[in-house]
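Okay, so here's the structure we're looking at.
Convention: sequence-line order gives letters A, B, ...; per-chain numbering from 1. Being a predicted model, the structure only gives us computed values, none of them experimental.
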Amino acid sequence: MPELPEIETIKRELAKALVDKTIKQVKTTWPKMVLPLSPQTFAEKLVGQKIKSVERRAKMLFIHFNNDTLLAIHLKMTGQLIYQRSQGLIVGGHPQKNGLVNLPNNYTRAIFTFTDGSVLYFNDLRKFGWLKHLPHTDLHLLTARSGVEPLTRDFSLALFKSLLTRYPKRPIKTFLLDQTLIAGLGNIYVDEACFLSHILPTRLTNSLSEKEITNLHKNIISVLKLSIQKKGTSTRNYVRADGQPGGFVPHLMVYGRAKLPCKICRTPIAKIRFHGRGTHFCRKCQK
DNA sequence: GTGTTTGTTATCAA
DNA sequence: CTTGATAACAAACA
């Protein structure tokens with residue numbers, strides 16, 4: 001559920017908080033999370049490292065250290081990264097708990113303590129997320145298969161068109177979810193971009209008109225930008241680095257709105273299972 | 001007990 | 001090579 005805007009939000013918040021801090025201690029539970037290293041080796045590699053920068057590529061976060069190594073993080077479905085100035089009780093506003101999240105809690109899988117006493121918690125209910133320590137020279141192994149970043153100049157209309165032409169028979173939703181083509185879109189923003197473009201998610205790419213393609217390209221960019229501005233969509237697990245929910249939910253037009261009236265035409269929003277995902281759309285607004 | 005939630009990769013089939 | 005389907009990972013929640 002964290003998609004590009006959510007990871008970008010966390011990246012910006014962690015960059016502010018973590019740059020120039022030095023790791024003092026690392027604790028992990030769930031050994032699978034740090035494979036291929038053992039939890040012990042993982043901790044040894046990190047302790048003493050000073051953070052140079054925090055970056056994002058696709059849905060991955062990279063915490064770069066001064067010794068030309070980095071920590072790569074993927075939150076997958078339910079990962080959270082929460083930073084606190086000092087170890088303690090605090091808490092954020094978990095979207096579903098209407099209140100407080102104790103840290104650490106049952107789902108805390110890693111705790112990074114810094115020399116100034118601040119702490120970074122990695123929580124992951126479903127344990128799909130991972131942490132990898134690697135030399136900078138190996139970074140390409142993780143990013144090689146990621147497609148174009150949709151918020152860079154590289155994501156031109158011309159490129160979008162050429163990708164669509166290359167995969168003419170895919171439903172547009174399947175196409176947009178393919179991380180090797182465009183990086184960072186997930187179920188939420190694909191459904192939203194299709195709605196904003198008046199296109200049914202099931203339409204084949206080769207059925208889109210010139211005008212629809214131009215519109216879709218524009219809407220992919222604008223919905224991602226607006227969500228970043230609102231600091232992401234908190235429906236289930238996602239929270240920002242300070243533990244607070246993002247503010248994009250009120251802007252959602254279809255995702256999570258099954259049976260609720262369309263914000264444009266009042267027709268109840270339809271929800272089907274497509275491409276193995278919950279897929280939301282308006283039968284009247286999208287053709 | 002059942003269905004739902006979904007990011008990513010692997011594998012098999014046509 | 002394209003595409004589609006399914007499983008695996010794992011756990012909570014209604």
Side-chain angles (χ1 to χ4, degrees), chain A residues 1-8 10-11 28-36 56-61 72-81 94-99 101-102 105-110 122-132 141-147 149-150 162-194 201-207 224 227 232-239 245 249 252 254-259 269-280:
Chain A
M1 334 240 244
E3 306 177 24
L4 187 151
E6 290 74 34
I7 305 301
E8 179 64 22
I10 294 171
K11 179 236 145 180
T28 60
T29 58
W30 197 246
K32 271 191 173 182
M33 179 177 75
V34 297
L35 288 177
R56 179 193 62 77
R57 172 78 171 99
K59 297 171 188 169
M60 290 177 281
L61 277 169
I73 304 174
H74 202 304
L75 302 180
K76 291 291 182 91
M77 322 253 291
T78 58
Q80 301 176 326
L81 282 167
H94 188 286
Q96 285 204 316
K97 296 216 166 149
N98 180 30
V101 176
N102 293 308
N105 59 43
N106 281 348
Y107 313 122
T108 300
R109 315 291 181 198
F122 176 71
N123 299 333
D124 187 18
L125 183 152
R126 289 175 68 178
K127 300 180 181 173
F128 288 177
W130 47 250
L131 309 172
K132 292 182 198 295
L141 298 173
L142 291 181
T143 58
R145 293 178 54 78
S146 295
E149 281 290 330
S162 79
L163 290 174
L164 287 164
T165 312
R166 179 136 45 111
Y167 302 100
K169 300 284 230 198
R170 286 197 198 180
I172 187 64
K173 175 158 183 167
T174 309
F175 172 90
L176 294 174
L177 282 171
D178 188 333
Q179 301 299 302
T180 68
L181 305 180
I182 302 168
L185 295 172
N187 208 32
I188 298 173
Y189 298 104
V190 166
D191 282 4
E192 291 298 307
C194 286
T202 50
R203 289 266 302 280
L204 296 189
T205 51
N206 68 1
S207 78
L224 293 175
S227 183
T233 303
S234 290
T235 46
R236 300 198 69 189
N237 295 93
Y238 164 72
V239 291
V249 169
L252 292 173
V254 287
Y255 183 85
R257 292 182 46 77
K259 296 180 183 171
I269 296 300
K271 182 179 178 187
I272 61 170
R273 183 144 288 266
F274 180 69
H275 193 255
R277 319 289 190 91
T279 298
H280 315 72

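Whole-Å rounding puts the N237(A) CG to dA12(C) P distance at 11 Å. The nearest whole Å value for the distance from the CG atom in L125(A) to the P atom in dC13(C) is 7 Å. Taking atom CZ of R277(A) as the reference point, atom C1' of dT6(C) lies 14 Å away to the nearest angstrom. If you take CG of D124(A) and P of dC9(C), they are 16 Å apart, rounded to a whole angstrom. If you measure from atom CG of L142(A) to atom C1' of dT9(B), you get 14 Å, rounded to the nearest angstrom. In this structure, the CG atom of L164(A) is 16 Å from the C1' atom of dT3(C), given to the nearest Å. In this structure, L204(A) atom CG and dT3(C) atom C1' are separated by 11 Å, rounded to whole Å. Look at CG on L75(A): it is 17 Å from P on dA11(C), rounded to the nearest Å.
An OP1 or OP2 oxygen of dT9(B) is reached within less than 4.0 angstrom by no side-chain nitrogen or oxygen of R145(A). Here K76(A) does not reach the OP1 or OP2 of dC9(C): none of its side-chain N or O atoms lies under 4.0 Å away. Contact annotation: K32(A) side-chain N/O to dC9(C) OP1/OP2 distance is not under 4.0 Å.
The main-chain N or O of G278(A) is found under 3.5 Å from a side-chain atom of N187(A) such that the two form a donor-acceptor pair. Between the R236(A) side chain and the Y238(A) main chain, no donor and acceptor come within less than 3.5 Å of each other. Judged by distance alone, with hydrogens and angles left aside, the side-chain atoms of Q80(A) form no donor-acceptor pair with the main-chain N or O of V239(A) at under 3.5 Å.
Residues from residues 166-180 of chain A placing a heavy atom under 4.0 Å of any atom in DNA chain C, listed by number, are Y167(A), P168(A), K169(A), R170(A), P171(A).
Distance check: I188(A) CD1 to L252(A) CG gives 6.5 Å after rounding to the nearest 0.5 Å. Here CG of L177(A) is found 8.0 Å from CG of D191(A). Values are rounded to the nearest 0.5 Å.
If you check the side chains of Y167(A) and T174(A), you find no donor sitting under 3.5 Å from an acceptor.
Backbone-only contact: W30(A) has heavy atoms under 4.0 Å from sugar-phosphate atoms and none from a base. Residue G278(A) is in sugar-phosphate contact alone, with no base atom involved, counting any heavy-atom pair closer than 4.0 Å across all strands shown. Within the 4.0 angstrom heavy-atom criterion, only backbone atoms of the sugar-phosphate kind lie near H74(A); the bases stay farther away.
One P atom belongs to dC1(C), the other to dT8(B), and the distance between them is 23 Å to the nearest Å.
Within the structure, salt bridge (Lys or Arg N to Asp or Glu O under 4.0 Å) pairs that include any residue of residues 162-172 of chain A comprise R170(A)-D178(A) (at least two apart or interchain).
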